[in-house]
Amino acid sequence: MAFRNSVEFEVRGDYALFTDPVTKIGGEKFSYQIPTYEALKGILHSVYWKPTIIWIIDKVRVMNPIQTETRGIRTLKYANGGNDLSYYTYLKDCRYQVVAHFVWNMNRPELECDRNENKHHNMAKRMIERGGRRDVFLGARECQGYVSPCVFGEGDGFYDNIAELNFGHMVHGITYADEAYPDKVPETKDNMCVRFWSPIMKNGVIEFCTPCECQHKPLRKMDIKKFGFEIQNISSVESEVG
């Protein structure tokens with residue numbers, strides 16, 4: 001399904017670390033084989049983000065073969081000081097095509113005056129052309145990424161002729177209180193929740209389910225930061241200048 005405010009981009013990098021949280025115990029990290037919904041959403045946040053909108057990742061196309069590389073990393077010992085040796089398993093030579101669109105964040109009625117679809121859509125496309133507003137990372141800060149415009153589906157992908165690959169049960173992302181949807185999933189109200197799903201890649205493309213369609217597990221209580229005070233200040237400044 002195509003959306004009027006969709007954006008398409010390619011992200012690539014020498015390495016990626018979409019960490020499986022199960023493997024973080026004891027300091028070791030092992031990457032999922034594919035990018036998570038939350039990681040791709042984070043990339044879009046680096047390209048263009050406003051609290052008025054919520055990015056929805058529609059699908060990702062895996063262009064290069066899935067390969068891993070394990071490295072020894074010197075990490076800090078927080079308890080006793082000094083260093084320790086951990087092993088991180090990264091994806092390497094990564095390249096993905098992504099399609100996404102945005103919806104209004106209905107948890108922020110104070111920003112209703114900023115709901116201009118054409119403005120946000122055009123700014124997002126310009127930021128993709130320029131490689132993003134901030135540095136882009138593929139799952140972890142040490143994995144630098146690069147964003148550029150693309151047409152989703154163009155070019156040859158390594159998995160184009162593989163009918164189906166199942167990646168099992170994995171983390172979809174995190175729902176924060178300011179992006180909750182209590183009318184569809186009541187436990188997201190005033191909570192931070194982790195989401196789970198089971199992705200299937202068909203001919204190189206993974207179509208994401210929406211956050212409200214995932215399995216949810218509440219982690220802790222969370223408040224929503226309000227922006228009303230800043231908006232009042234901006235309005236008063238604008239009236240004085242006018």
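- The existence of a salt bridge linking R195 and E38 is confirmed by a sub-4.0 Å separation between a basic side-chain nitrogen and an acidic carboxylate oxygen.
- Across all non-hydrogen atoms, the minimal contact from V7 to W55 is CG2-CZ3, 3.8 Å.
- Taking CG of N105 as the start and OG1 of T52 as the end, the distance is 8.0 Å to the nearest 0.5 Å.
- When hydrophobic clusters are built by joining Ile, Leu, Val, Met, Phe, Trp and Tyr residues whose side-chain heavy atoms come closer than 4.5 Å, directly or via intermediates, W49 is not grouped with V103.
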Apply ring-ring contact (aromatic ring centres under 6.0 Å, His included) to Y37 and H172, showing your working. CA-CA 5 Å; Y37 180 100; H172 184 275; 4.2 Å; yes
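- Between atom OG of residue S198 and atom NE2 of residue H169 there is a gap of 5.5 Å, rounded to the nearest 0.5 Å.
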Before you tell me yes or no, could you show the steps for Y32 and V171 under side-chain contact (heavy atoms from CB on, under 4.5 Å), namely the whole-Å CA-CA distance, both residues' side-chain angles and the distance that decides it to 0.1 Å? CA-CA 9 Å; Y32 281 127; V171 170; 3.6 Å; yes
Hey, mind stepping through T70 and T68 against side-chain contact (heavy atoms from CB on, under 4.5 Å) and telling me if it holds? CA-CA 7 Å; T70 300; T68 60; 5.7 Å; no
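- For N161, the CG atom sits in a loose shell: 12 or fewer heavy atoms of surrounding residues, nucleotides or ligands are nearer than 6.0 Å.
- Atom-to-atom distance recorded for E69:CD and D93:CG is 11.0 Å, nearest 0.5 angstrom.
- Of all heavy-atom pairs spanning L17 and C143, the tightest one is N-SG, 3.8 Å.
- Counting only heavy atoms from C-beta outward, the side chains of P199 and I34 approach each other to under 4.5 Å.
- Side chain of Q97 to main chain of G153: a donor-acceptor pair is present (N/O by atom type, distance under 3.5 Å, no hydrogens or angles).
- Between Y48 and H121, the distance from one ring center to the other does not fall under 6.0 angstrom.
- Within a 6.0 Å sphere centred on OH of Y87, heavy atoms belonging to other residues, nucleotides or ligands number 12 at most.
- Within the cation-pi definition used here (under 6.0 Å to the ring centroid, within 45° of the axis), R71 qualifies as a partner of Y15.
- Side-chain atoms of T188 and N191, non-hydrogen and from C-beta on, never get closer than 4.5 Å to each other.
- Across all non-hydrogen atoms, the minimal contact from I224 to A177 is CD1-O, 3.5 Å.
- Electrostatic pairing of R108 and D178 counts as a salt bridge here, judged by a charged N lying under 4.0 Å from a carboxylate O.
- Criterion: ILVMFWY side-chain heavy atoms under 4.5 Å apart, direct or through other members. Under it, F208 and F102 are part of a common hydrophobic cluster.
- Residues F18 and L138 come closest through the heavy atom pair CE2-C, 3.8 Å.
- Linking Ile, Leu, Val, Met, Phe, Trp and Tyr whenever their side-chain heavy atoms come within less than 4.5 Å puts I56 and V194 in one cluster.
- Using a 4.5 Å cut-off between side-chain heavy atoms of Ile, Leu, Val, Met, Phe, Trp and Tyr, with links allowed through other members, I174 and M222 fall into the same hydrophobic cluster.
- Not one N or O on the side chain of D20 forms a donor-acceptor pair closer than 3.5 Å with the backbone of S31.
- I43 pairs with exactly one of F137, Y96, F9 by the side chain to side chain contact (heavy atoms under 4.5 Å, CB included) rule, that one being F9.
- Taken from CZ in R95 to CD in E10, the straight-line distance is 4.0 Å, to the nearest 0.5 Å.
- Residues T89 and K29 are not in side-chain contact: their nearest non-hydrogen atoms beyond the backbone lie 4.5 Å or more apart.
- Under a 3.5 Å cut-off, the side chain of R134 and the backbone N or O of H45 do form a donor-acceptor pair.
- A 4.5 Å side-chain heavy-atom check between P35 and L40 finds at least one atom pair inside the cut-off.
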For side-chain contact (heavy atoms from CB on, under 4.5 Å), just list the numbers for F152 and V99, CA-CA rounded to whole Å, side-chain angles, deciding distance to a tenth of an Å, and then say yes or no. CA-CA 7 Å; F152 191 89; V99 177; 3.2 Å; yes
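- The environment of D156 atom CG is sparse: at most 12 non-hydrogen atoms of other residues, nucleotides or ligands sit within 6.0 angstrom.
- Here the side chains of K50 and H120 are in contact, with some heavy-atom distance below 4.5 Å.
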What do the steps show when you test V98 against I57 for side-chain contact (heavy atoms from CB on, under 4.5 Å), and what is the final call? CA-CA 8 Å; V98 184; I57 308 300; 4.1 Å; yes
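- With contacts defined as side-chain heavy-atom distances shorter than 4.5 Å, the pair K125/R130 does not qualify.
- Here the closest non-hydrogen pair linking V136 and S46 is CG2-CB, 4.2 Å.
- Checked for salt-bridge contact, D160 and R61 meet the test: a charged N lies under 4.0 Å from a carboxylate O.
- For the pair C94 and N64, the minimum side-chain heavy-atom distance is 4.5 Å or more.
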For H101 and D58: C-alpha separation, side-chain torsions, deciding distance, then whether side-chain hydrogen bond (donor to acceptor under 3.5 Å, both in side chains) applies. CA-CA 7 Å; H101 72 282; D58 298 311; 3.0 Å; yes
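- E213 and K184 are not joined by a salt bridge, as no carboxylate oxygen comes within less than 4.0 angstrom of a charged side-chain nitrogen.
- F30 is not connected to L91 by any chain of hydrophobic side-chain contacts under 4.5 Å among Ile, Leu, Val, Met, Phe, Trp and Tyr, and they are in different clusters.
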Mind running salt bridge (Lys or Arg N to Asp or Glu O under 4.0 Å) on K202 and E207 for me, showing each step along the way? CA-CA 9 Å; K202 297 181 179 180; E207 294 193 13; over 6 Å; no
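- Between atom CD of residue E179 and atom CD1 of residue I53 there is a gap of 9.5 Å, rounded to the nearest 0.5 Å.
- Annotation: side chain of F167 is in contact with side chain of Q33 (closest heavy-atom distance under 4.5 Å).
- Counting heavy atoms of neighbouring residues, nucleotides and ligands inside a 6.0 Å radius, atom CG of N107 exceeds 12 of them.
- Under the 3.5 Å distance criterion, the side-chain polar atoms of N166 are matched with a main-chain donor or acceptor of G168.
- More than 12 heavy atoms of other shown residues, nucleotides or ligands fall within 6.0 angstrom of atom NZ in K119.
- To the nearest 0.5 Å, the span separating CG on L85 from CD1 on I73 amounts to 8.5 Å.
- The shortest non-hydrogen separation linking T175 to A180 is CG2-CA, 4.1 Å.
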